[in-house]
Q: 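The structure's right below; bear with me while I get my questions together.
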Amino acid sequence: MPLANGFLRQEDFSSEFFFELGFGVCEDCSLAQLMQNVPREKMFHSEYPFVTSSSRRMTEHFHNWADDVVRERLSAADPFVVEIGSNDGTLLQPIAALGIRHVGVDPSANVAALAQSKGINTVCRFFDEETAKDIVHKNGCADVVLAANCLCHIQDLHSLAAALEIVLKPQGVLIFEDPYLGDVIDNVAYDQIYDEHASYFCILSVKNWLSPPGFEIVDIQPQNVHGGSMRYVVARTGAHAVTPRVSVLEQWERRRGLHLLETYRQFALDVNRSRELLLAMLERLNKEGCRVVGYAATSKSTTVLNYCGISSALLEFISDTTPMKHGKFSPGMHIPVRPHEDFQARYPDYALLFAWNHAEEIINNERAFNDAGKHWIRYVPKVEAF
Ligand code: JHZ
């Protein structure tokens with residue numbers, strides 16, 4: 001597999017980086033994880049092409065979350081908030097606008113600069129123990145540490161726990177959100193598996209990871225974004241009351257077998273079947289002479305295109321709204337990425353929805369596409385055209 005966000009120019013095809021994408025689960029701690037990690041500097045750098053605010057729905061989601069944090073968690077005098085993986089500052093923006101002390105941490109210089117340009121205090125580096133010490137030295141410890149779709153990107157979870165011990169106040173909370181393993185398995189959302197996502201969390205694995213260093217999950221809140229995410233509220237053991245929701249979900253995970261190898265063997269069969277069905281549909285449409293275009297050059301699309309072997313013979317181009325991706329080619333399969341205007345200028349017969357997680361927002365924005373008698377193709381939770 002190539003890098004999920006490794007959109008590249010033609011002159012860079014010959015030096016493209018590949019690695020073996022393997023997905024496994026630890027029978028001791030239940031952590032679903034990549035079997036081989038890519039060096040972090042290869043993925044997060046000064047040309048990181050994903051910008052959080054690329055979805056209006058996600059921007060609303062993050063602003064609502066920030067409002068909840070301000071209302072429920074920042075009653076201390078002169079509170080201080082840290083965000084790990086702050087990208088363009090979308091989540092911190094409402095907090096910064098209230099004059100609350102904050103710092104965002106992100107290793108990708110281009111997105112960190114976007115946040116800085118909006119007045120969000122941002123340090124451009126990886127979050128680890130050294131970064132935590134520096135933050136505490138300059139600002140004191142944090143009341144709240146936030147992380148949105150970020151902790152699953154951090155490969156060394158033990159070092160991360162040590163950094164959290166350094167940065168959090170005794171009564172402080174870590175609130176993080178990541179795609180939920182239960183939804184990945186249930187919806188056969190295998191495209192969530194790619195280089196950046198080192199871990200695929202559930203209650204069972206988060207508990208096993210964070211209990212030894214002295215933390216516990218005090219609350220969980222399922223989120224209807226990115227195809228099913230989980231928000232975990234974590235505190236030092238005994239510091240806050242634990243809601244019954246945590247054990248209810250843990251029991252469901254055991255019944256669902258998220259700790260059992262046989263669950264993942266079945267998942268592998270389901271993933272294989274999904275590939276067969278999608279390829280069969282694309283090949284049939286190709287034979288019938290239909291034009292098919294990809295919609296949104298997501299990180300997830302890299303897994304689907306390369307795993308299924310979908311080339312530009314089956315997919316004319318991929319439409320995307322991110323200027324940094326335009327004129328480049330998709331990682332591995334080298335399908336051209338073009339501006340959204342090219343999609344609108346001449347509708348294809350079918351659009352393969354790589355951003356199925358934003359389906360509601362996109363289908364609503366593109367009503368004219370369906371009205372013109374054109375069709376979407378989706379492959380999560382099942383392969384279908386509509
Ligand atoms: P989207 C990213 O994954 C990367 P991706 C990251 N690794 C992660 O963990 C998840 O987010 C959470 C385009 N788009 O949000 C813009 C349109 O073209 O599913 C972006 O290129 N039109 C941090 O990349 C891409 O989709 C639209 O109307 O899978 C973003 O895709 C919309 C809404 C998006 O994330």
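When a ligand or atom number is given, it counts from 1 through the structure's own listing order.
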Q: For Tyr48 and ligand 1, answer yes if some heavy atom of the residue is under 4.0 Å from a ligand atom, otherwise no.
A: yes
Q: Could you see which bit of His153 sits under 4.0 Å from ligand 1, with heavy atoms only: side chain, backbone, both or neither?
A: side chain
Q: Parallel, tilted or perpendicular: which one describes the rings of Phe50 and Tyr48, with boundaries at 30° and 60°?
A: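 Ring orientation of Phe50 relative to Tyr48: perpendicular.
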Q: May I ask whether Tyr194 places a heavy atom under 4.0 Å from ligand 1?
A: yes
Q: Backbone, side chain, both or neither: what part of Asn357 comes under 4.0 angstrom of ligand 1, heavy atoms only?
A: side chain
Q: Below 4.0 angstrom from a heavy atom of Lys325, which ligand 1 atoms are there? Numbered from 1 as shown, please.
A: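 Counting from 1, the qualifying ligand atoms are 20 (C), 21 (O).
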Q: Could you check atom 5 (P) of ligand 1 against the protein and tell me its nearest heavy-atom contact, residue, atom and distance included?
A: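 Looking at atom 5 (P) of ligand 1, the protein heavy atom closest to it is Ser299 OG, 3.3 Å.
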Q: Thr321 versus ligand 1: do any nitrogen or oxygen atoms come within less than 3.5 Å of each other?
A: yes
Q: Give a yes or no on whether a salt bridge exists between Lys207 and Glu250, defined as a side-chain N under 4.0 angstrom from a carboxylate O.
A: yes
Q: So, do Phe23 and Tyr190 have ring centers that fall under 6.0 Å from each other?
A: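 For Phe23 and Tyr190, the ring centres are not under 6.0 Å apart.
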Q: Is the closest basic N to carboxylate O distance between Lys42 and Asp195 below 4.0 Å?
A: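 Looking at Asp195 together with Lys42, the answer is no, because their closest N to O distance does not fall below 4.0 Å.
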Q: Of the choices Glu361, His197, Lys300, Glu196, which has the non-hydrogen atom that lies closest to atom 9 (O) of ligand 1?
A: His197
Q: So does Asp270 pair up with Arg273, basic N to acidic O under 4.0 Å?
A: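 Salt bridge absent between Asp270 and Arg273.
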Q: Would you say His226 and ligand 1 have an N/O pair spaced under 3.5 Å apart?
A: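 Checking ligand 1 against His226, no N or O pair falls under 3.5 Å apart.
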Q: Using a 4.0 Å cut-off to any heavy atom of Thr322, which atoms of ligand 1 qualify?
A: 16 (C), 20 (C), 21 (O)
Q: When you check the gap from the basic side-chain N to the acidic O, do Lys133 and Glu130 get nearer than 4.0 Å?
A: yes
Q: Does Glu288 come within less than 4.0 Å of Arg284, counting only side-chain N to carboxylate O?
A: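 Arg284 and Glu288: salt-bridged.
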Q: Suppose I only count heavy atoms of Ala296 and a 4.0 Å limit; which atoms of ligand 1 are within that range?
A: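 Matching atoms, with element in brackets: 13 (C), 14 (N), 17 (C), 18 (O), 26 (O).
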Q: Looking at non-hydrogen atoms alone, which of Asp195, Thr303, Asp320, Thr52 comes nearest to atom 13 (C) of ligand 1?
A: Asp320
Q: Taking the basic N atoms (NZ, or NE/NH1/NH2) and the acidic carboxylate oxygens, is any pair closer than 4.0 Å for Arg245 and Asp219?
A: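 Answer for the salt bridge query: yes.
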Q: When you measure from the heavy atoms of Met58 to every atom of ligand 1, does any distance fall below 4.0 Å?
A: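 Contact absent.
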